[in-house]
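So you know, we letter chains A, B, ... as the sequences are listed, proteins then strands, and number each from 1.
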Number of protein chains: 4
Amino acid sequence: MKRTKPERLEPRKTPRQRRARATVDDLLEAAAQVFDALGYAAGTTNRIAERAGVSIGTLYQYFPSKEALAVALLERHLEDGMRRLNAWVGRAVAESRSLRGTLELFVAGMIALHDERPRLQHILLEETPLPARVHDALLAAERAAAEQVAELLRRYPEVRHPRLAEAAVMAVQTVEHLTHRFAAHPGQGLPRDAFAAELVRMLEAYLTRAEP
Amino acid sequence: MKRTKPERLEPRKTPRQRRARATVDDLLEAAAQVFDALGYAAGTTNRIAERAGVSIGTLYQYFPSKEALAVALLERHLEDGMRRLNAWVGRAVAESRSLRGTLELFVAGMIALHDERPRLQHILLEETPLPARVHDALLAAERAAAEQVAELLRRYPEVRHPRLAEAAVMAVQTVEHLTHRFAAHPGQGLPRDAFAAELVRMLEAYLTRAEP
Amino acid sequence: MKRTKPERLEPRKTPRQRRARATVDDLLEAAAQVFDALGYAAGTTNRIAERAGVSIGTLYQYFPSKEALAVALLERHLEDGMRRLNAWVGRAVAESRSLRGTLELFVAGMIALHDERPRLQHILLEETPLPARVHDALLAAERAAAEQVAELLRRYPEVRHPRLAEAAVMAVQTVEHLTHRFAAHPGQGLPRDAFAAELVRMLEAYLTRAEP
Amino acid sequence: MKRTKPERLEPRKTPRQRRARATVDDLLEAAAQVFDALGYAAGTTNRIAERAGVSIGTLYQYFPSKEALAVALLERHLEDGMRRLNAWVGRAVAESRSLRGTLELFVAGMIALHDERPRLQHILLEETPLPARVHDALLAAERAAAEQVAELLRRYPEVRHPRLAEAAVMAVQTVEHLTHRFAAHPGQGLPRDAFAAELVRMLEAYLTRAEP
DNA sequence: TATGAATGAGTCTTCATTCAT
DNA sequence: CATGAATGAAGACTCATTCAT
């Protein structure tokens, strides 16, 4: 096969740009580590820069403030959650599983999501004074998730809850918070499998209940 | 007339002690107000002392550190929660209500608990770097609550969940977190009555389900 | 004579208050020295605190910002200038000197005013980013001075300038700026006595001129 | 055809040099704009480079420091002033105006000089920590100007001030400072025409006065 | 020569805590 | 016991300048 010199529709990342990308990633990873280890307040920008192996000046070349680092980290997390949700919905539709199977997948996914650096997530979500914009984005994402879940549940005749929209909101919040809490206190409470099973069971019971 | 030296079963509050009590209370109330309004990090000890109407030196006479104030505040909250739980359990036993009625009482009580100064509670619980000891006390209280709840549920034959201990843990955590979240984001999500009703419904469905 | 215990209508300065006064003075003097030696930008608050023999924290207990120090210094200067002006006007009226004698007194006073730490004055007036409020006060003071001068000049029949208000403004600004400049560049230009004499001559000629 | 190597009396501007010239000009103009808008301290070299459309590296290729930019700008201003002075003297000699007409021309020219970017001039003159060398140049220029003025005044028999050298120094400084001040505070003080007229009147009265 | 990412010393400022009175 | 002036470590952030490419 002949390798033609490729035409570049969009300019290839030059080394300089690649470097910048790498620096941003280093900084973000460093911030994640530092916040995770020390909390938001005690995680100083100087420490983050040092951990990233760059000078404090460089940190501020890429992020205009300490807060910006936290926001970037949180946005990554949000995107990750949305991706997982979409993947789950898609798979549930494609594979036409039972309701229980679908819920199991959901719970497993959310546990996995909260499993990575749970302390960091907690810090970003609770300990960090976020700009209103980000806070709103968070709530909006949760609302969007609830809507997607409602849509999906509509496909299951076993789901007999009379107000699907409300039920979906409750379900999403329940999973989000219990799952978060589970990850935040490892070893406390039920063991992992039991916790997942109980959570699924609770959702299933709730959703399939008919009476008011 | 002979003045008999009174027997004191418990040492009578001398004016001095009474004064100290009052100062402690003023400080705690001031701390509650300041943390609630500004958050933990921005709530400075000087502001708290000022608000309490005492000097900063006096504050440190009664509380060895800023953290100690937060801990004391949190302990108050914890005690309040336990009191409510006990009251609820007692009443449920005494009045022999239906399971649903009992759950309604529980949920209503927890909503009420989280309703007062929800921001402060959030700050104390999430934003404050607490010593491990306090954290453990929190978890222990939750465990104790779960045990009490399990005990209570045992009285209801409709509760068919095969592992009551586990179910109680799940129930307590679900109520605690959803209720906390509900208070923390007023106006977001479901309206109050709907939320309470759905939460009760979820618990009831979960607990009365029979199969594994 | 019997010394009666004096009634204190206003509470006597307690040692504590006296101490605070002294600290403020130390700080102001230190700021004057540091700004004078290094300029506004290079005169750091830490250096000022160090020079004053107090900690940086103490500095900020008395002055909320670096700017506040500069403003306080400038206000002192302004007050000093007003005091001199009033003294001069009063003396001129009381002693009923000749116009020339009065002008000589004025010029001498203004030279003396600008003679102390001329660099500091220059720094405060020109190099310091002052809040608008202070800037306005400066201009207002100059206007007030011009009005007082106009009032005074009205008493001298030799003053034949047809528009006294305008003449007074010109006179005040001329004296202010030339005098400031003279102090700022010691040794440059005319010797002191010659400068004072020429300035008086210029004012006298200007004010006594009749034609348009 | 034989290409004769051209004699270059002065090295021809090569494109490269022309480019360099243009870059220097761009940088100076950018510096002028930035200092004028933000002041010396807040006018960062990065902003200047950006405004000039070149990289910060290029800026430092042409100017070794931020200060060097300010100095270059000030030197331009100085040259401009000298040019104006020479033009004025030449014209006064050639047109043989009256003393008053000559003074009017002088004052008008100085007002015009200070009229362009008065804030910038103020910043360069007062806010910028200049090297001694530049400061001396400034004073020297003023001395030279005074000498030229003295020379010119010698031609007017109405000028009866007994020490022309001194009178010229006073006159130059008066015009320089009042004019500067006038431009720096537009709207404050007298209206433009009145100011110019009064200044001329003051100079004329001063210079034509006879007695000591 | 031009570039611009990287540097890091240095600023102002805050605030929990102490201790002499 | 109460007071509150004093402390000073520490933090977020800026910006003139350098140098590898």
Side-chain angles (χ1 to χ4, degrees), chain A residues 14-17 19-20 22-24 41-50 52-69, chain B residues 16-17 19-20 23 41-50 53-69, chain C residues 14-24 41-50 52-69, chain D residues 16-17 19-20 23 41-50 53-69:
Chain A
T14 71
R16 203 178 284 263
Q17 280 174 313
R19 191 64 232 286
T23 303
V24 166
T44 75
T45 51
N46 278 293
R47 239 190 286 257
I48 292 170
E50 188 186 26
V54 302
S55 75
I56 182 63
T58 296
L59 183 154
Y60 278 91
Q61 200 119 58
Y62 291 100
F63 295 91
S65 67
K66 182 179 175 179
E67 187 190 270
L69 276 164
Chain B
R16 198 179 289 265
Q17 281 174 314
R19 187 65 234 285
T23 303
T44 71
T45 50
N46 275 290
R47 238 192 286 255
I48 292 170
E50 186 189 28
V54 302
S55 75
I56 181 63
T58 299
L59 183 154
Y60 277 90
Q61 208 100 54
Y62 291 99
F63 295 92
S65 69
K66 182 179 175 178
E67 189 189 87
L69 277 164
Chain C
T14 70
R16 203 180 284 266
Q17 280 173 312
R18 186 128 17 95
R19 190 64 232 286
R21 253 302 182 99
T23 303
V24 164
T44 75
T45 50
N46 278 292
R47 239 189 287 255
I48 291 169
E50 190 187 23
V54 304
S55 74
I56 181 65
T58 297
L59 184 156
Y60 278 92
Q61 200 116 58
Y62 290 100
F63 295 91
S65 67
K66 182 180 174 178
E67 188 190 88
L69 276 165
Chain D
R16 199 178 289 265
Q17 280 173 314
R19 190 64 234 289
T23 303
T44 71
T45 49
N46 276 289
R47 241 191 282 254
I48 292 169
E50 188 188 29
V54 303
S55 75
I56 180 64
T58 298
L59 184 155
Y60 277 89
Q61 208 102 52
Y62 290 99
F63 294 92
S65 69
K66 183 179 174 178
E67 189 190 85
L69 276 165

Practice problem: Sugar-phosphate means primed atoms, P, OP1 and OP2; the rest is base. With that split, encode nucleotides 7-13 of chain F 5' to 3' as B, S or - using protein heavy atoms under 4.0 Å. | Solution: BBB-SBB
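B:K66 contributes atom NZ, which lies 11.0 Å from atom CG of B:L59 (distance to the nearest 0.5 angstrom). In this structure, CZ in D:R47 is found 10.0 Å from OG1 in D:T45, a value given to the nearest 0.5 Å.
In this structure, the CD1 atom of C:I48 is 11 Å from the P atom of E:dT11, given to the nearest Å. Note: CZ (C:F63) to P (F:dA6) measures 12 Å, nearest angstrom.
Helical stems in DNA chain E, defined as runs of 3 or more consecutive Watson-Crick or G-U wobble pairs with donor-acceptor distances under 3.5 Å: E:2-21 with F:2-21.
Partners of D:T58 by side chain to side chain donor-acceptor pair (under 3.5 Å), not counting sequence neighbours, listed by chain and number: D:S55.
The number of heavy atoms from other shown groups lying within 6.0 Å of CD (B:E67) is above 12.
At a threshold of 4.0 angstrom between heavy atoms, the contacts of A:Y62 are confined to the sugar-phosphate backbone, with no base atom among them.
Look at A:T23 and you'll find a side-chain N or O under 4.0 angstrom from OP1 or OP2 of E:dA6.
Of all non-hydrogen atoms in C:G43 and C:I48, the two that sit nearest each other are O-CD1, 4.3 Å.
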